[in-house]
Amino acid sequence: MVSFKDKVVQLFTGKKVLHTPYGSFNLARSKEKGQLKGIIAELHRTTDALTRKDIQQWRKAWQTAINVENPNRQKLYDIYTDVEVDLHLSGCIGQRKGFVLAKEYKLVDDNDKENEDVRCFFDQAWFKQLCKLILDTPYYGHSLIELGDPVYDDKGIHGFSGVTLIPRKFVIPEYGRVVTELGNEWKTGIAYREPPFTDMLIEVGTPYDLGLFLKAALQTIPKKNMLAFWDTFGEIFGMPMRIAKTTSRDPKEQKKLEHMLRDSAASLYAVTGMDTEIEIVENSKGDAYNVYDRRIDRANSEISKLIIGQTMTIEDGSSLSQSQTHLEVFENLVDEDRDMLRDVINNQLLPKMVNYGFPVQGLTFKWDDTINYTPEQQLAFETAVADRYDVEGSYFAEKYGMPVGKRRQQQLPTGGDDDKDFGKDKKQKNARPFFD
């Protein structure tokens, strides 16, 4: 009987055959991957601590993450959790990802001919989720994604059961390890770049990249503080203080007056004697709006420049020419994301799908850069072509889903006698003497 220790050694040393009391499993056969536990099942998840972050904590977390001997990104990812809830940052990321996901794609063979039969494997939820996880990588720096079990139907293999992101806190990309408990050294982790895990995992990003959130934290942390300070300012000075003066020394009467002020509205109040006065002195040299709001605007503009390379596509623009220039800068970043997504699909996803038995051998993922016309442009384009060339009716029948017959011949006026007589009669009928 094989001991548990021997099983673990065989599993993590990459040996192809795993002998157990329940049978022998060939680890090299991808279809039997479902018989092995994935990496995600080995992790001991813990609840993240949502505490207030500051720049000092950010610097310490950065230092810990770049430790050469024992790199640990746990504290840095805690700060990233606080960073990603920023509304303006979320809008910038959503705009950038949305432009990529809105692009059309195709799978072509060596002759650059599209294979439409395999689209059914990709027009599924698992592939869309995989694309979103891949596009999140530039902001975190690294992503390790686990493919689900293959799903079969009556026609054979159908797709994957889903995709799962390995929690980034457990991943040590510098050494290619996944620790099972937070705080463990990387040497105790699972070597995920070795078999059998290479068949089920997709790694995106470089090992030493800490992502754009590292820079974004320098703006989101002060921004949250300024918003909190502004709320405090509004709570203290936004509503007038109401002072109640009474000559009664009866505690019940004072308590009654206190309840009256408290229940009237949520505002600052005080109950004092006749000889007590409270004065509120405002700072005449300070402008709360400019102090807080302008700092928040500056943070938003800096975030826009970091994520989408400019400001006008998500904020108000003052010039059409400037907006077009900013749009070109933004499209360059979108093209970079498209290239990254295309390379991951071609270099990692498609070979793994071939190993699982998907009929995608020899196919390449490409973006479909065919020009998309607006309805007005499409009408003008088709009209110009149809007026000059004979267009097959099947083109319009397939595109618009309507039956199309033979092209009708356009008849022009011939200018015969009937037309002359008609014009003459009309002229005589409308004629009148000039001096009548």
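On a predicted model such as this, the values are computed, not experimentally measured, just so you know. FYI, the numbering just counts along the sequence from 1. Heavy-atom basis, side chains included; hydrogens, waters and symmetry copies ignored.
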Exercise. What do the steps show when you test Lys224 against Asp86 for side chain to side chain contact (heavy atoms under 4.5 Å, CB included), and what is the final call?
Worked result: CA-CA 8 Å; Lys224 286 181 174 61; Asp86 184 89; 4.0 Å; yes
Problem set entry | Spacing of Leu363 atom CG and Met353 atom CE [to the nearest 0.5 Å] | 9.5 Å
For this session: Please confirm whether the backbone N or O of Ala380 pairs with a side-chain atom of Thr383, one donor and one acceptor, at under 3.5 Å?
Result: no
Exercise. Considering all heavy atoms of both residues, which atom of Leu89 and which atom of Phe213 are nearest to each other, and what is their separation?
Worked result: CD2-CE2, 3.6 Å
Exercise. Quick check: are there more than 12 heavy atoms from other residues, nucleotides or ligands sitting under 6.0 Å from CZ of Phe381?
Worked result: no
For this session: Take Asn300 and Lys223, measure what side-chain hydrogen bond (donor to acceptor under 3.5 Å, both in side chains) needs, and give me the verdict at the end.
Result: CA-CA 8 Å; Asn300 288 339; Lys223 178 183 174 182; 2.6 Å; yes
Exercise. Does a side-chain N-to-carboxylate-O contact under 4.0 Å join Lys75 and Asp78?
Worked result: no
For this session: May I ask you to decide whether Lys366 forms a salt bridge with Asp112, counting only side-chain N to carboxylate O separations under 4.0 Å?
Result: yes
For this session: Kindly assign one of parallel, tilted or perpendicular to the pair Trp367 and Phe365, based on the angle between their ring planes and the thresholds 30° and 60°.
Result: perpendicular
For this session: With the side chain counted from C-beta on, respond yes when Asp368 and Tyr105 share a heavy-atom pair under 4.5 Å apart, and no when they do not.
Result: no
Exercise. So, Phe330 versus Phe99, ring centres under 6.0 angstrom or not?
Worked result: yes
Problem set entry | Modelled atom types, side-chain donor and acceptor of Glu84 and Tyr140, under 3.5 Å | yes
Exercise. Is Asp153 atom CG crowded by more than 12 heavy atoms from other residues, nucleotides or ligands, each under 6.0 Å away?
Worked result: yes
For this session: Please lay out, stage by stage, how Thr198 and Arg193 fare under the test side-chain hydrogen bond (donor to acceptor under 3.5 Å, both in side chains).
Result: CA-CA 6 Å; Thr198 52; Arg193 291 174 184 160; over 6 Å; no
Exercise. Are any side-chain N or O atoms of Asn67 and backbone N or O atoms of Glu69, one a donor and one an acceptor, separated by less than 3.5 Å?
Worked result: yes
Exercise. Has the side chain of Glu302 got a donor or acceptor atom that lies under 3.5 Å from a matching backbone atom of Ala216?
Worked result: no
Exercise. Salt bridge between Lys113 and Asp109, side-chain N to carboxylate O under 4.0 Å?
Worked result: no
Exercise. Counting heavy atoms not belonging to Trp230, are there more than 12 under 6.0 Å from its CH2?
Worked result: yes
Exercise. So which heavy atom on Pro351 is nearest to which on Asn346, and how close?
Worked result: CD-O, 3.3 Å
Problem set entry | Any side-chain heavy-atom pair of Ile166 and Ile145 under 4.5 Å | no
For this session: Take atom CZ of Arg119 as the centre, draw a 6.0 Å sphere, and report whether it contains more than 12 heavy atoms from other residues, nucleotides or ligands.
Result: yes
Seminar exercise, completed: Of all heavy-atom pairs linking Tyr292 and Met226, the shortest is CD2-CE, 3.4 Å
Problem set entry | Pair Arg96 + Asp337, salt bridge at N-O below 4.0 Å | yes
Exercise. Hey, are Lys97 and Asp136 close enough for a salt bridge, meaning a charged N less than 4.0 Å from a carboxylate O?
Worked result: yes
Exercise. Do you know the tightest heavy-atom contact between Val344 and Ile202?
Worked result: CG1-CG2, 3.8 Å
For this session: Decide side chain to side chain contact (heavy atoms under 4.5 Å, CB included) for Cys131 and Leu101; before the verdict, give the C-alpha distance in whole Å, the side-chain angles of both, and the deciding distance to 0.1 Å.
Result: CA-CA 8 Å; Cys131 292; Leu101 296 175; 3.9 Å; yes
Exercise. Less than 4.5 Å apart, any side-chain heavy atom of Ile307 and any of Tyr139?
Worked result: yes
Problem set entry | Neighbour count above 12 (heavy atom, 6.0 Å) for Gln63 CD | no
Problem set entry | Step-by-step salt bridge (Lys or Arg N to Asp or Glu O under 4.0 Å) determination, Arg338 to Asp335 | CA-CA 5 Å; Arg338 291 205 306 165; Asp335 290 338; 3.5 Å; yes
For this session: With His142 as reference, evaluate Glu174, Arg168, Glu203, Arg73 under the side-chain hydrogen bond (donor to acceptor under 3.5 Å, both in side chains) test and give the passing residue.
Result: Glu203
Exercise. Atom CH2 of Trp126 and atom OG1 of Thr164: how far apart are they, to the nearest 0.5 Å?
Worked result: 13.0 Å
For this session: Quick one: closest heavy-atom pair of Met340 and Ile134, and the distance?
Result: CE-O, 3.4 Å
For this session: Might you point out which heavy atoms bring Ala65 and Leu210 nearest each other, and give the distance in Å?
Result: CB-CD2, 4.3 Å
